Protein chains: 2
Amino acid sequence: MAAGPFVGRRAQLRDDLERRILAAAEETFAMNGFGGSSVAVIAAAAGISKQNLLYYYPNKIDLYRTVLDDVLEDWLGCMIDFAATSSRPEEAISRYIEAKLEFSRRRPQGSRVFALEIIGGARNYGNELKSKIVPALRADIATLERLLGSRDDDRINAEHLFFIIWASTQSYADFSAQMELILDRKPLAAQDFEAARSTLTRLVLNSLGLPSPMTGARVETRSAPEGD
Amino acid sequence: MAAGPFVGRRAQLRDDLERRILAAAEETFAMNGFGGSSVAVIAAAAGISKQNLLYYYPNKIDLYRTVLDDVLEDWLGCMIDFAATSSRPEEAISRYIEAKLEFSRRRPQGSRVFALEIIGGARNYGNELKSKIVPALRADIATLERLLGSRDDDRINAEHLFFIIWASTQSYADFSAQMELILDRKPLAAQDFEAARSTLTRLVLNSLGLPSPMTGARVETRSAPEGD
DNA sequence: GTCTATAAGCGGATAGAC
DNA sequence: GTCTATCCGCTTATAGAC
């Protein structure tokens with residue numbers, strides 16, 4: 001239902017309210033899980049009555065799935081760049097990590113709702129997981145494999161390298177409560193995400209024998225394998 | 001309450017039942033979260049009545065905290081080795097990753113209960129998180145920092161390197177549902193954990209300029225920076 | 001669309017018999 | 001320790017007035 005140029009005022013108001021409800025639901029589900037969130041609390045957070053919420057979303061599970069859909073759409077939009085990129089490997093990987101971390105920074109609650117669903121076995125979102133998320137991840141893994149080149153012998157396992165990238169970037173949203181305690185800073189600041197980006201990028205590129213794209217080819221601990 | 005040599009039959013039975021309840025609770029909480037788990041369902045999984053469960057654990061939140069305590073004790077037991085180790089850096093780090101992955105493999109449900117609690121902001125376990133878990137992680141980070149040596153210049157950030165290790169190893173428990181779909185194998189097999197260990201260990205050691213401990217000093221992609 | 005009212009059931013927790 | 005019986009608040013969801 002994309003908004004055309006002639007959206008009426010009513011439709012606009014309705015759209016605004018739906019967004020407010022979804023935002024409230026995303027936050028509540030992230031903090032309390034599906035079972036721990038009541039429709040009444042979500043409605044209160046959205047500034048409307050429980051009955052009114054149920055007018056827009058006929059039941060709790062539909063609301064929950066809509067939240068997941070909304071987050072998924074956002075996430076997929078951020079992630080398509082990787083498979084389509086024709087940049088140099090080090091730049092493609094670097095940008096991918098950056099985009100994934102940026103998503104964690106920009107939408108941590110959405111990331112958490114997803115994490116909760118996966119941890120619980122994806123029983124409410126299994127079809128979408130199989131039909132959309134897994135293919136996207138597989139495409140990313142295939143891209144990564146292509147970027148790694150054809151040295152089959154002692155090559156880094158692309159699937160597990162991808163799992164590491166994915167787990168690491170995601171954790172800056174999902175486990176931020178723990179990181180905040182360790183870094184003694186709440187919430188996490190821009191410098192923390194920058195340090196995360198820098199550390200993870202360096203780790204991955206270094207393990208692949210690729211130069212660091214930002215600081216040029218200079219890698220302090222070693223010399224580059226070939227002239228660039 | 002360590003069991004002495006003269007534990008009565010009754011005490012033994014009670015202990016057995018408590019363990020059965022805790023196991024059922026761990027599994028139920030892991031799959032459904034705190035709010036999504038009912039005492040009745042946990043009791044049924046343990047093979048007793050709801051009222052009987054409430055005789056052993058007076059309320060739901062106590063049961064939940066006991067599960068977390070039980071998992072934490074197990075986890076702490078696995079993790080002390082790192083800080084105490086005096087092995088060579090590459091061996092210490094290698095063993096740490098191995099132990100953390102082994103915990104994910106052996107007790108995935110416990111790992112998930114913890115993850116759910118942290119994602120929800122650790123509102124039910126904040127004190128223990130601050131007093132036990134965070135200090136343990138800080139000690140591990142300090143150990144890692146020591147192992148990294150004193151090159152302050154362009155050194156890998158120990159905190160974030162640790163976050164990466166921690167997130168990656170934990171994800172093989174928490175997000176196994178997704179990995180199972182990608183790897184097309186349910187549940188994950190020993191070979192998957194071995195591939196995870198190998199990939200992550202190699203990634204971390206390589207980024208630190210350390211030789212791989214298992215395959216000797218041979219690292220396919222580069223030559224060692226200095227003779228060992 | 002938003003309200004009041006209410007249905008129908010599940011939730012955690014307690015009382016007291018045995 | 002385990003059982004039956006029960007309380008009562010909160011839950012999702014619906015009906016119908018305005």
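Chain A is the first sequence line, chain B the second, and so forth, proteins listed ahead of strands; every chain is numbered from 1. All values derive from a computational prediction rather than experimental measurement.
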Proximity to the side chain of Tyr55(B) - top-ranked nucleotide from dG1(C), dG12(C), dT2(D): dT2(D)
Could you tell me the separation between the CZ atom of Arg14(B) and the C1' atom of dT2(D), rounded to a whole number of Å? 13 Å
dist Ser207(A):OG -> Leu205(A):CG (nearest 0.5 Å) comes out at 7.5 Å
In this structure, how many angstroms lie between the P atom of dA15(C) and the CG atom of Leu54(B), rounded? 13 Å
Atom-to-atom span, CZ of Arg20(B) to C1' of dG1(D) - whole angstrom: 13 Å
Selected nucleotide, minimal atom distance to Gln51(B) side chain, candidates dA13(D), dT4(D), dG1(D): dT4(D)
With no hydrogens and no angle check, is any side-chain donor or acceptor of Arg20(A) less than 3.5 Å from a backbone partner on Ala46(A)? yes
Give the nucleotide from the list dA13(C), dT2(D), dG1(C) with an atom nearest to the side chain of Asn59(B). dA13(C)
Do the side chains of Glu102(A) and Arg105(A) get close enough for a salt bridge, i.e. N-O under 4.0 angstrom? yes
Between Glu26(B) and Arg107(B), is there a side-chain N and carboxylate O pair less than 4.0 Å apart? yes
For the backbone of Ile165(A) and the side chain of Ser168(A), can you confirm whether one donor and one acceptor N or O come within less than 3.5 Å of each other? no
Between dA13(C) atom P and Tyr64(B) atom OH, what is the distance in whole Å? 15 Å
Specify the residue among Val39(A) and Asn52(B) whose closest nucleotide of DNA chain D lies further upstream toward the 5′ end. Asn52(B)
Can you tell me the distance, in whole Å, between the OH atom of Tyr57(A) and the P atom of dT14(D)? 17 Å
Tell me the interatomic distance from Phe34(B), atom CZ, to dG11(C), atom P, rounded to whole angstroms. 13 Å
Tell me: CZ of Arg9(B) to P of dG1(D), nearest whole Å? 14 Å
Can you figure out which of dT12(D), dA13(C), dT2(C) approaches the side chain of Ser38(A) most closely? dT12(D)
Would one find a side-chain N or O of Ser49(B) under 4.0 angstrom from OP1 or OP2 of dC3(D)? yes
Assign each of Lys50(A) and Tyr56(A) to its nearest nucleotide of DNA chain C by heavy atoms, then name whichever residue's nucleotide is nearer the 5' end. Tyr56(A)
Taking any heavy-atom pair under 4.0 Å as a contact, classify Leu17(B): base, sugar-phosphate, or nothing. sugar-phosphate
For the pair made of CG in Leu63(B) and P in dA13(C), what is the distance, rounded to whole Å? 10 Å
